[in-house]
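Heads up: the structure comes next, in structure tokens.
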Number of protein chains: 2
Amino acid sequence: MATTTEEVYIAVIGAGGVGSCFLKQLSYLSKTRPSPRLRLCYIAIIDKALHHPDYSEINIETALNRLEAEGQAPPTIPWIIDYLSGAPSKVILVDNTSANSLAEAYPQFLRRGISIITPNKKAFSGNYQLWEDIFSSAAAGHSYVFHESSVGAGLPIISTLKDLIITGDEITRIQGVFSGTMSFLFNSFAPTEGQGEKWSVAVHKAKQLGYTEPDPRDDLNGLDVARKLTILGRLAGLPIESPTSFPVQSLIPQELQGVSSGDEFLDRLPEFDQQMEQHKAAAEKEGKFVRFVGSIDMASREVKVGIESFEKTHPIAALQGSDNLISFYTKRYGDNPLIVQGAGAGGDVTAMGVSSDLLKVLSHIAR
Amino acid sequence: MATTTEEVYIAVIGAGGVGSCFLKQLSYLSKTRPSPRLRLCYIAIIDKALHHPDYSEINIETALNRLEAEGQAPPTIPWIIDYLSGAPSKVILVDNTSANSLAEAYPQFLRRGISIITPNKKAFSGNYQLWEDIFSSAAAGHSYVFHESSVGAGLPIISTLKDLIITGDEITRIQGVFSGTMSFLFNSFAPTEGQGEKWSVAVHKAKQLGYTEPDPRDDLNGLDVARKLTILGRLAGLPIESPTSFPVQSLIPQELQGVSSGDEFLDRLPEFDQQMEQHKAAAEKEGKFVRFVGSIDMASREVKVGIESFEKTHPIAALQGSDNLISFYTKRYGDNPLIVQGAGAGGDVTAMGVSSDLLKVLSHIAR
């Protein structure tokens, strides 16, 4: 029988919007759940890192201030792996970055017994080889990897999909609104009540409200949605090669793909409002509303991302604000899918997904 | 560090709609997840039990047939507790009954180190003392108790609420449609499209389709919804004394409360259609639709169950068939709640919640 693991070492990389919220939640967890003791032993941002040769504990409350004041240039990834592997007890790496370099090193961490929790989509939606490496490395290293917040932030999407599959249900279709930005844009452009904004006006507004990437084309190209679909499709058993290996409708007018800046793009976007109006009018003719959705059909193995139309009372049309909505159609659930909806972006809710992953890892590695 | 727990002993009580589906899922799990080995060592229905003094394994596939052929009169609960406590490894009791007697004995099982998973609402919505006993006994016995399917069947309701709370979010309000029967009745009676059935016709239909209890008054009294709200309210931190300690609107006309049979009730129900029509008409005047909902307001500590009205595009009005919908309003999620919806009843989806609880217990007790 198992003995108690009294301490778990935590390494946190990244302290941006999600990372800083996660540190607050980590502090809360360490106070409200005294066992096992969560010992922060490494913290880093892009240009600074803080750690001690003897793994002595870094106070979570003051970690960011101390990192700012005392942090050194970050070590290399191989050094971090060696350092964490040498800790006196189990270790969890929390990757709160969106860095590719760190994502590509996950297999090496996992193989050395270091568990990983992260909202970073890169590792799970990159090439399929990396996906396979990650899970085989975790098995080999007796470590765990959870990434709930890589789809729908703190919404229980990945855990629900896993539960359905692992208990023997058959997924037939997954469909949803996977991007908070796209949700906000289409809910403004084609609301179920009232007239709606011009497309270019909706994009401007979203940008002003901080709902888009600095260059809105990084949202409008559909790649973020494609990455999330890639993750869910793979979890459901489809060996999707990459997020560019299936049809993704870009909402960037061809003429504006090459313009040099996001600002120039925004300035010229009104010239193309008519294109989007046509989609909207075609849907309205059928009493429907356009939305930007991703879907996976398991029988035909068809994965796609783009504009589709929905009846007024369909949950996808009725979505509000920048909410996400993911529907799981399964054999057990029949015609009416299991639906999860709510905010799919934001520091606090994304960090919540990471924190609940932390508790999952703890349930496996600590008593 | 922990060693591997190679075997976990499973006792299953109840093999009705949920129990028989659970056994199929248990068989699937035992094949697809070889470690730890899940050893069925006890199976019982209301009047028969099968077990071996040496805890030798009962084949899951043939368990029900063998129970039928070889089962003896079931032993007493104290005997079962002694028997299971003596098993050579960790034990999980799966209570697939809705029995009060077994529910009341949970603390004794838990205190002896036997973990419990169950869809049975009774233990968690009975008196508050039992609720407290259950969780203090689990802590004392280093055992686990999970009851996801006691609210919303396999929908991730309880796990989501726990994750929100444990990571430090503040629940402000919980609102939803908690009864598949009530959902079907109101979606038939006051659909967002078309005229809708008379109330008594909807009730007749639901009864014919097997959506109601044998006596439909057992659904219409609102107690099932009150039990589920009691569970969620307690998880959220309200010490709700019992499901009858807050206002619950019964849809049984006063004149029919005392009639002797469900059939007589159904025969006379049309006399009272006018009462329900009044509710519907009042809502329609405001462009709204009546639904039977339960809600918990955390600030005012108000818990209530009854008819309320919703705009056409509100997710609660737009619900289909017999689906449940539960909305969590929290500090982090702001104005737009986290919503989970889908089938909240049925053998397979209820068993799924039990199976995913089994995996949760295994993550804690086995490596």
Side-chain angles (χ1 to χ4, degrees), chain A residues 1-5 24-25 28-29 32-33 89-90 142 154-156 159-160 162-164 166-169 192-193 312-315 317-318 320-323 325 327-328 331-343 346 348-349 351-353 355-356 358-360 363-367, chain B residues 1-5 24-25 28-29 32-33 89-90 142 154-156 159-160 162-164 166-169 192-193 312-315 317-318 320-323 325 327-328 331-343 346 348-349 351-353 355-356 358-360 363-367:
Chain A
M1 294 279 68
T3 55
T4 304
T5 303
K24 282 187 200 127
Q25 292 181 23
Y28 177 85
L29 285 173
T32 50
R33 295 173 58 92
S89 184
K90 300 261 185 183
H142 303 288
L155 299 175
S159 55
T160 299
K162 281 184 178 173
D163 276 351
L164 289 164
I166 210 166
T167 62
D169 202 355
T192 52
E193 303 291 342
K312 185 175 186 171
T313 54
H314 191 289
Q320 299 288 317
S322 57
D323 278 4
L325 182 151
S327 326
F328 297 105
K331 197 173 163 199
R332 283 185 198 144
Y333 277 90
D335 291 337
N336 291 352
L338 189 170
I339 296 177
V340 180
Q341 74 175 76
D348 250 339
V349 296
M352 175 200 150
S355 296
S356 63
L358 174 64
L359 296 170
K360 283 205 186 84
S363 78
H364 285 284
I365 68 172
R367 293 281 147 89
Chain B
M1 296 276 70
T3 55
T4 305
T5 303
K24 281 187 202 128
Q25 292 181 22
Y28 178 86
L29 285 173
T32 50
R33 295 171 58 90
S89 184
K90 300 260 183 182
H142 304 288
L155 298 175
S159 56
T160 298
K162 281 184 178 173
D163 275 352
L164 288 164
I166 211 166
T167 63
D169 202 354
T192 52
E193 303 291 340
K312 185 174 186 169
T313 54
H314 191 287
Q320 300 286 318
S322 58
D323 278 3
L325 182 151
S327 327
F328 298 105
K331 197 175 161 196
R332 283 185 199 142
Y333 277 90
D335 292 337
N336 290 352
L338 189 170
I339 297 176
V340 180
Q341 74 175 74
D348 249 341
V349 296
M352 174 200 151
S355 295
S356 62
L358 174 63
L359 297 170
K360 283 205 185 83
S363 77
H364 284 284
I365 68 173
R367 294 283 147 86

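Convention: sequence-line order gives letters A, B, ...; per-chain numbering from 1. If you're wondering where the values come from, they're calculated on a predicted model, not measured in any experiment.
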Take A/Asp348 and B/Lys331, measure what side chain to side chain contact (heavy atoms under 4.5 Å, CB included) needs, and give me the verdict at the end.
CA-CA 10 Å; A/Asp348 250 339; B/Lys331 197 175 161 196; over 6 Å; no

Is it the side chain or the backbone of B/Leu359 that comes within 4.5 Å of chain A heavy atoms, both, or neither?
side chain

Can you list the residues that meet the side chain to side chain donor-acceptor pair (under 3.5 Å) rule with B/Ser355, with sequence neighbours excluded?
B/Gln25

Pick one of side chain, backbone, both or neither for B/Ser356, based on which atoms fall under 4.5 Å of a heavy atom in chain A.
both

CG of A/Asp163 to CE of B/Met352, rounded to nearest 0.5 Å, is 5.0 Å

Which one wins on heavy-atom pair count under 4.5 Å against chain B: A/Leu29, A/Asp169, A/Asp323?
A/Asp323

Of A/Asn336, A/Thr32, A/Thr160, the largest count of non-hydrogen pairs under 4.5 angstrom with chain B goes to A/Asn336

Quick check on B/Leu155 against chain A: is it the side chain, the backbone, both or neither that has a heavy atom closer than 4.5 Å?
both

Give, for atom OG1 of A/Thr313 and atom CD of B/Gln320, the distance between the pair rounded to the nearest 0.5 Å.
6.0 Å

Option in B/Ser322, B/Gly168, B/Gly346 with maximal non-hydrogen atom pairs under 4.5 Å from chain A
B/Gly168

Considering residues at least two apart in sequence or located in another chain, which fulfil the side chain to side chain donor-acceptor pair (under 3.5 Å) criterion with B/Ser159?
B/Glu148

Are side-chain heavy atoms of A/Tyr333 and B/Val349 found at a separation under 4.5 Å?
yes

Contact leader toward chain A among B/Leu164, B/Thr192, B/Leu325, B/Leu358, where contacts are heavy-atom pairs under 4.5 Å
B/Leu164

